[in-house]
Participant: 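So that we are looking at the same thing, I have put the structure below in structure tokens.
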Amino acid sequence: MRTVPSILHIDMDAFFAAVEQRHKPSLRGKPVVVGGVGLRGVVSTASYEARAFGVGSAMPTALARRRCPNAAYLFPRFGAYHEISQVVMGILREFSPLVEPVSMDEAFVDLEAMTQGPPKDEQEVRAHARRLSALVAERTGLTASVGAGTSKLVAKVASDADKPHGCVVVAAGSEQRWLDPLPVRKLWGVGPATADRLHTMGATTVAELRALGEHELVSLLGNAWGGQLFRLSRGRDERVVSAEREAKSVSVEDTYPHDLMDLYSIRAAVTELAERVVRRLREGGHTGRTVTVKARGHDFTTVTRSETLAGPTDDVRLLLPAALRLVDGAAAAATGQMRGIRLLGVGISALAEYAQGDLIAELEGLGEYTPQGAETDEAHAPPAEPAPVPAVTMYGPVPEAPEARHWLAGQDVRHPQWGPGWVQGAGLGRVTVRFEGPDTPPGRIKTLDVADPDLEAVDSAEVARAALPQEADIAAERPAGPDVGG
DNA sequence: TCTGGGGTCCTAGGACCC
DNA sequence: TCTGGGGTCCTAGGACCC
């Protein structure tokens with residue numbers, strides 16, 4: 001246990017809204033609401049002027065508009081917030097190298113790690129906190145609230161205790177006394193569900209929570225969380241400030257303004273989400289093994305379906321087929337009486353670090369490596385075992401409806417000459433199929449455009465006809481419109 | 001009023017192996 | 001023939017945070 005409250009927690013006040021007011025002087029002093037402005041948007045941040053009208057975070061924008069029709073409703077500009085966030089984090093690192101960002105507008109700073117030596121007493125901590133707050137105001141024009149304590153929990157609760165522009169230092173030894181009168185809901189990690197359960201046990205304040213035995217808490221909340229809460233309620237929190245935290249998962253999800261009603265549009269949406277999540281995965285230099293698809297029905301029923309691949313990968317050609325295998329079941333489970341899908345998501349977890357050494361070895365093994373397009377993608381493919389391709393044979397004409405072509409994307413196909421392949425994309429009048437055939441070089445993939453017989457003008461038609469027997473047009477296994485949940 | 005998008009951590013059951 | 005226990009992995013869901 002520290003004898004000086006040397007852990008700081010910094011929390012920017014109404015961050016997104018404050019950035020907008022800073023950026024646009026006409027918004028200053030006026031209610032500003034940042035968040036989803038669409039049909040199904042929710043509020044991210046409300047300025048203090050808007051909060052006076054009863055507008056708050058996580059509230060549906062529709063309700064906010066009713067409560068505060070005269071506010072400015074703005075879509076978030078994450079780029080701008082990120083820039084200012086970097087400035088703030090930079091200031092924090094001038095104080096101590098040990099900074100743990102929690103989000104764009106929040107961070108812990110451990111003053112014990114200060115290069116010029118840790119603070120000797122509470123007064124010194126207070127001086128640092130005030131100086132920090134002043135620097136943030138000076139360089140960003142925004143206010144922050146600062147809390148200090150001997151643990152992360154106390155620092156966090158303290159920064160919230162006197163918002164906005166507050167500075168609360170909880171002296172070492174006084175933690176319990178300071179926490180006791182607070183409602184349990186103030187404790188980090190106690191949400192609505194836990195608060196309800198605690199209330200039924202007669203605990204509304206931290207003092208009352210402390211009266212509960214450890215055994216009681218564990219049986220009520222489970223082993224990990226019950227034990228943790230027992231310690232937290234006594235101001236005991238051993239968690240350390242940690243500068244680097246490794247990502248565990250990457251995910252992308254969208255809520256659609258109108259429910260998706262058929263499998264065609266659902267599969268098209270999943271294809272798009274999978275491409276986005278793979279892009280993010282690669283940007284972070286990660287590969288991942290477990291693919292998760294999330295679906296939310298009209299009535300908010302939310303289900304996830306996941307599948308673990310044989311090895312980690314960042315290759316859409318492995319991740320998209322997995323996502324498409326999962327989505328039908330997820331969508332069916334999320335929809336009751338054939339109603340629509342309001343949200344879809346694709347996530348990747350069980351992340352591994354990108355193996356640089358393997359990449360180089362792989363590139364050297366490839367005689368004629370060309371650093372562009374699909375070939376580059378293939379050279380980047382990690383040493384994952386591709387899932388076996390099921391022998392789905394697709395016959396018949398290419399469907400005309402655009403939705404049907406979208407549905408084709410990701411489908412496995414088999415060609416008598418070229419072996420197994422899958423539909424990479426379905427554009428107007430043609431589909432692009434990737435084959436991994438016996439005469440393609442090891443680890444390489446050949447991309448062919450397969451022309452619809454009605455569209456002979458397509459550039460690659462000549463190539464396609466040379467390679468493929470006329471009767472082997474790639475088309476849908478299922479001809480038309482299966483319904484969701486049917 | 002009708003519920004975003006990005007995450008983390010925990011639990012619990014079943015499969016599988018030793 | 002019947003019956004174990006422990007460990008690990010996978011899947012699904014839930015609570016929570018910003």
Side-chain angles (χ1 to χ4, degrees), chain A residues 9-12 14-16 33-45 54-68 75-76 78 81-82 85 100-108 152-153 156-157 159-160 184-198 218-229 239 242 245-257 273 276-277 280 284 289-310 326 329-330 333-334 342-351:
Chain A
H9 181 260
I10 290 83
D11 195 345
M12 302 296 291
F15 184 54
F16 293 0
V33 177
V34 181
V37 293
L39 233 49
R40 286 172 166 170
V42 300
V43 174
S44 294
T45 314
V55 176
S57 296
M59 172 183 288
T61 306
L63 174 59
R65 283 187 196 278
R66 236 157 283 144
R67 293 199 177 169
C68 190
F75 194 79
F78 292 106
Y81 312 146
H82 184 74
S85 175
E100 177 180 326
V102 178
S103 64
M104 277 204 277
D105 71 328
E106 228 184 87
F108 289 101
K152 286 172 104 171
L153 173 85
K156 169 109 173 109
V157 178
S159 72
D160 188 52
V184 287
R185 199 55 237 279
K186 288 281 179 187
L187 292 182
W188 192 85
V190 176
T194 307
D196 276 355
R197 294 169 117 177
L198 292 175
V218 167
S219 65
L220 186 70
L221 304 170
N223 206 356
W225 183 217
Q228 171 85 317
L229 197 54
R239 291 171 297 184
S242 156
R245 295 171 64 204
E246 293 200 344
K248 299 253 165 53
S249 66
V250 177
S251 68
V252 153
E253 66 184 53
D254 273 343
T255 292
Y256 302 96
L273 291 167
R276 265 158 61 193
V277 82
R280 291 253 314 278
R289 270 190 77 200
T290 302
V291 181
T292 302
V293 168
K294 176 171 165 182
R296 173 127 74 209
H298 184 81
D299 68 352
F300 232 69
T301 303
T302 307
V303 302
T304 62
R305 292 290 180 269
S306 63
E307 183 182 313
T308 300
L309 305 174
L326 294 166
R342 65 153 45 217
L343 168 147
L344 286 172
V346 176
I348 300 171
S349 55
L351 299 189

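The chains referred to below are lettered A, B, ... by the order of the sequence lines, with proteins before strands, and numbering in each begins at 1.
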Participant: Counting primed atoms plus P, OP1 and OP2 as sugar-phosphate and everything else as base, spell out the protein contacts along nucleotides 12-18 of chain C at 4.0 Å heavy-atom distance: B, S or - for each nucleotide, 5' to 3'.
Facilitator: SS-SSSS
Participant: Is the shortest heavy-atom distance from the side chain of A:Trp225 to the side chain of A:Leu220 under 4.5 Å?
Facilitator: no
Participant: Can you work out whether A:Arg296 or A:Leu221 has the more 5'-proximal nearest nucleotide on DNA chain B?
Facilitator: A:Arg296
Participant: Please report, rounded to the nearest Å, how far the P atom of B:dC2 is from the NE2 atom of A:His298.
Facilitator: 11 Å
Participant: Just grab all the salt bridge (charged side-chain N to carboxylate O under 4.0 Å, His left out) pairs involving residues 290-304 of chain A, residues at least two apart or on different chains.
Facilitator: A:Glu253-A:Lys294
Participant: Give the rounded distance in Å between these two atoms: CG of A:Leu229 and C1' of B:dC9.
Facilitator: 15 Å
Participant: What is the bend of the helix from B:dG5-C:dC18 to B:dC18-C:dG5 when you compare the axis at one end with the axis at the other, using five pairs each and rounding to 10°?
Facilitator: 10°
Participant: Can you list every salt bridge (charged side-chain N to carboxylate O under 4.0 Å, His left out) pair that touches residues 189-198 of chain A, not counting sequence neighbours?
Facilitator: none
Participant: Supply the atom-to-atom distance A:Leu309 CG to A:Thr290 OG1, rounded to the nearest 0.5 angstrom.
Facilitator: 7.5 Å
Participant: How many angstroms lie between CE in A:Met12 and OG in A:Ser103, if you round to the nearest 0.5 Å?
Facilitator: 11.0 Å
Participant: side-chain hydrogen bond (donor to acceptor under 3.5 Å, both in side chains): which pairs involve residues 34-45 of chain A, sequence neighbours left out?
Facilitator: A:Arg40-A:Asp259
Participant: Please confirm whether the shortest side-chain N or O distance from A:Ser251 to OP1 or OP2 of B:dG5 is below 4.0 Å.
Facilitator: no
Participant: Round to the nearest Å and state the distance from A:Gln228 atom CD to B:dC9 atom P.
Facilitator: 12 Å
Participant: For B:dC2, take OP1 and OP2 only and decide whether either is under 4.0 Å from a side-chain N or O of A:Arg342.
Facilitator: no
Participant: Give the nucleotide from the list B:dG7, C:dT11, B:dG4 with an atom nearest to the side chain of A:Ser44.
Facilitator: B:dG4
Participant: P atom, C:dC18 versus B:dT3: distance in rounded Å?
Facilitator: 23 Å
Participant: Provide, to the nearest angstrom, the distance between the CG atom belonging to A:Asp254 and the P atom belonging to B:dT3.
Facilitator: 15 Å
Participant: Just so I know, are the side chains of A:Arg185 and A:Pro192 near enough to count as touching, which here means a heavy-atom distance under 4.5 Å?
Facilitator: yes
Participant: More 5' along DNA chain B: A:Gly222 or A:Arg245, using each one's nearest nucleotide?
Facilitator: A:Arg245
Participant: Take atom CG of A:Leu351 and atom C1' of B:dT8, then tell me their distance rounded to the nearest Å.
Facilitator: 13 Å
Participant: Keeping the roles fixed (side chain from A:Ser85, backbone from A:Met104), state whether a donor-acceptor pair exists under 3.5 Å.
Facilitator: yes
Participant: Distance check, rounded to the nearest 0.5 Å: A:Thr292 atom OG1 versus A:Leu326 atom CG?
Facilitator: 8.0 Å
Participant: Is there a side-chain polar atom (N or O) of A:Thr292 under 4.0 Å from OP1 or OP2 of C:dT11?
Facilitator: no
Participant: Is there a side-chain contact between A:Asp254 and A:Leu273, using heavy atoms and a 4.5 Å cut-off?
Facilitator: yes
Participant: Heavy atoms only: give me the nearest A:Arg276-A:Val252 pair and the separation to one decimal.
Facilitator: NH2-CG1, 3.3 Å
Participant: If the cut-off is 4.0 Å, is A:Lys248 near the phosphate of B:dG7, judged by side-chain N/O to OP1 or OP2?
Facilitator: no
Participant: Rounded to whole angstroms, how far apart are CZ on A:Phe16 and P on B:dG5?
Facilitator: 14 Å
Participant: Using the six-membered ring for Trp and the full ring for Phe, Tyr or His, decide whether A:Phe300 stacks on the six-membered base ring of B:dT3 (centres under 5.5 Å, planes under 30°).
Facilitator: yes
Participant: Whole Å only: how far is the CD atom of A:Glu246 from the P atom of B:dC9?
Facilitator: 11 Å
Participant: How about A:Glu106 and A:Lys156: do any of their side-chain heavy atoms sit closer than 4.5 Å?
Facilitator: yes
Participant: Heavy atoms within less than 4.0 Å of DNA chain C: which residues of residues 54-66 of chain A have one? Give them sorted by number.
Facilitator: none
Participant: With respect to the side chain of A:Thr255, which nucleotide from B:dT8, B:dG6, B:dG5 is positioned closest?
Facilitator: B:dG5
Participant: For the pair made of NZ in A:Lys152 and P in B:dC9, what is the distance, rounded to whole Å?
Facilitator: 11 Å
Participant: Which word best sums up how the rings of A:Phe16 and A:Tyr81 line up, parallel for under 30°, tilted for 30 to 60°, or perpendicular for over 60°?
Facilitator: parallel
